[in-house]
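So the structure is just underneath, and the comments pick up after that.
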2 protein chains.
Amino acid sequence: MLSKKAQYAIKAAGYLAERYQQGPIQIHEIAENKKIPLKFLENILLMLKKEGIFESRKGKGGGYFLVTPPEKIMLASIIRIVDGPIALIPCVSLYFYKKCNDCDETDCNIKKVFAEVRDATLKVLENKSILDVV
Amino acid sequence: MLSKKAQYAIKAAGYLAERYQQGPIQIHEIAENKKIPLKFLENILLMLKKEGIFESRKGKGGGYFLVTPPEKIMLASIIRIVDGPIALIPCVSLYFYKKCNDCDETDCNIKKVFAEVRDATLKVLENKSILDVV
DNA sequence: AAATAGTCTACTAAATGAGTAGACTAAAAA
DNA sequence: TTTTTAGTCTACTCATTTAGTAGACTATTT
């Protein structure tokens with residue numbers, strides 16, 4: 001399951017995608033429209049900004065906005081930033097790999113199955129952009 | 001991510017699958033071979049037994065065993081029993097559906113994307129049995 | 001009756017999830 | 001240059017879940 005954080009992140013991203021190149025959008029506008037707790041959303045947007053997904057400007061007329069075209073921002077990236085691994089077990093994670101203890105990874109069928117699951121999942125999430133969820 | 005519980009459940013199931021029709025296997029044997037904390041494993045096996053995945057016998061010569069052929073026991077079933085939903089968001093879960101608040105589900109693109117992810121995941125997990133992880 | 005092996009209830013400690021509070025900083029306008 | 005505006009940052013809190021443990025109980029066999 002995705003965390004609430006990830007679900008909010010995707011909704012917020014969708015909102016910004018809809019308004020691409022229309023100038024900065026204030027956090028509270030996103031919060032109200034998408035029904036996300038304001039202070040919680042602040043944290044989430046900040047995370048995504050730090051990872052280069054969004055940009056922001058302070059002061060009057062400020063807010064959040066995209067610099068990258070929305071069709072280039074994939075759901076997989078957003079989920080990884082807020083929730084971490086997409087794979088179901090750490091030893092098949094591409095970005096958050098951790099080797100499993102007491103398991104011969106060179107010939108582990110569990111690993112093989114969950115690598116398949118990971119690939120199936122990524123085939124969707126790496127190819128759906130935030131424009132696909134507006 | 002799968003919980004440890006689910007990972008242990010899959011390993012234990014694989015162990016029983018390898019010894020299908022060879023009589024009851026004691027919990028401590030599974031625990032030792034698969035390096036799973038004994039008391040924790042007891043709980044897990046019990047859960048799966050209650051859901052009809054395993055059978056057990058008490059007393060001397062007792063233990064856990066399969067009555068269903070292992071190739072008919074799918075990973076998806078085991079994961080659902082111990083971890084619950086496989087879908088990434090509740091509103092697309094087949095077995096643990098919960099409607100989302102403030103979202104028009106008839107025309108929600110988030111829902112559509114995550115239904116696709118669910119289908120891709122299930123296509124693997126509903127077709128891999130515990131024989132595939134020995 | 002004793003030994004064996006699963007069953008069941010209940011407990012704990014640590015981590016995670018879901019947020020909240022409030023002070024701080026940058027940018028723009030008065 | 002002060003005020004206002006709007007994002008930034010640190011650090012909380014509280015509830016739930018995760019990952020186990022303890023110990024008494026029950027059924028089966030010898």
Side-chain angles (χ1 to χ4, degrees), chain A residues 1-12 16 23-32 34-67 79 81-85 88-90 96 98 100-101, chain B residues 1-12 16 23-32 34-67 79 81-85 88-90 96 98 100-101:
Chain A
M1 285 273 158
L2 292 185
S3 67
K4 280 285 185 184
K5 214 174 210 158
Q7 295 177 49
Y8 292 155
I10 290 168
K11 287 187 181 187
L16 291 182
I25 315 284
Q26 292 176 29
I27 302 178
H28 83 86
E29 181 185 333
I30 307 173
E32 270 159 34
K34 292 296 175 183
K35 292 180 174 127
I36 304 171
L38 178 66
K39 294 295 282 180
F40 198 23
L41 182 58
E42 283 183 6
N43 295 334
I44 296 167
L45 295 177
L46 204 48
M47 274 179 121
L48 290 162
K49 179 199 166 156
K50 282 183 182 162
E51 298 299 321
I53 306 290
F54 302 151
E55 274 304 321
S56 68
R57 198 166 13 247
K58 284 182 174 182
K60 175 134 202 195
Y64 274 87
F65 53 96
L66 304 175
V67 271
I79 293 172
I81 290 168
V82 296
D83 272 7
L88 289 179
I89 53 177
F96 299 87
K98 286 188 104 177
C100 38
N101 31 354
Chain B
M1 284 270 160
L2 293 184
S3 67
K4 279 284 185 187
K5 213 174 211 157
Q7 295 178 49
Y8 292 155
I10 291 168
K11 286 187 182 188
L16 292 181
I25 315 284
Q26 292 176 30
I27 302 177
H28 83 86
E29 181 184 334
I30 307 173
E32 271 159 35
K34 292 297 175 182
K35 293 182 174 126
I36 304 172
L38 177 65
K39 295 295 281 180
F40 197 24
L41 181 58
E42 282 182 7
N43 296 334
I44 296 167
L45 295 177
L46 204 49
M47 272 179 123
L48 290 162
K49 179 199 167 159
K50 282 183 181 162
E51 298 299 321
I53 306 290
F54 303 151
E55 273 306 321
S56 67
R57 201 169 6 253
K58 283 182 174 182
K60 175 133 202 194
Y64 274 87
F65 53 96
L66 303 176
V67 270
I79 292 172
I81 290 167
V82 297
D83 272 7
L88 290 179
I89 54 177
F96 300 87
K98 286 189 105 179
C100 38
N101 31 352

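A, B, ... follow the sequence lines: proteins, then strands. Residue 1 opens every chain.
- Counting to the nearest Å, the C1' atom of C:dG6 and the CD atom of B:Q26 are 10 Å from each other.
- Atom CD1 of A:I30 is separated from atom C1' of D:dA6 by 12 Å (rounded to the nearest Å).
- Rounded to a whole Å, the CD1 atom of B:I27 is 14 Å from the P atom of D:dT21.
- In this structure, the side chains of B:I10 and B:I79 come closer than 4.5 Å at one or more pairs of heavy atoms.
- Contact check, A:Y64 against D:dA6: no side-chain N or O comes under 4.0 Å of OP1 or OP2.
- Of the two residues near DNA chain C, A:K60 and A:E42, the one whose nearest nucleotide lies more 5' is A:E42.
- Residues A:M47 and A:K5 have side chains in contact (heavy-atom distance under 4.5 Å, counting atoms from C-beta outward).
- In this structure, NZ on A:K98 lies 14.0 Å from CD1 on A:I89, to the nearest 0.5 angstrom.
- Residue B:Y8 has a polar side-chain atom (N or O) positioned under 4.0 Å from OP1 or OP2 of D:dG20.
- Heavy-atom distances under 4.0 Å link DNA chain D to B:R57, B:K58 of residues 45-58 of chain B, given in residue order.
- B:F65 and B:F54 have their aromatic ring centers separated by at least 6.0 angstrom.
- A donor-acceptor contact under 3.5 Å is not formed by the side chain of B:D83 with the base of D:dT17.
- For the pair A:F65 CZ and D:dA6 C1', the computed distance is 13 Å after rounding to whole Å.
- If you measure from atom NZ of B:K35 to atom P of D:dG20, you get 15 Å, rounded to the nearest angstrom.
- Atom-to-atom, CD1 of A:I44 to P of C:dG19 comes out at 8 Å; the value is rounded to the nearest Å.
- In terms of heavy-atom proximity, B:I53 sits nearest to B:L66 at O-CD2, 4.0 Å.
- Atom CD of A:Q26 is separated from atom NZ of A:K60 by 9.5 Å, given to the nearest 0.5 angstrom.
- Taking only distance into account, the side chain of A:N43 meets the base of C:dT20 through a donor-acceptor pair shorter than 3.5 Å.
- Between the NZ atom of B:K4 and the P atom of C:dA15 there is a distance of 14 Å, given to the nearest Å.
- Within the model, atoms CZ of A:F96 and CE of B:M1 stand 8.5 Å from one another, a figure rounded to the nearest 0.5 Å.
- Position along DNA chain D of the nearest nucleotide to A:K39 versus B:L38 favours A:K39 as the more 5'-ward residue.
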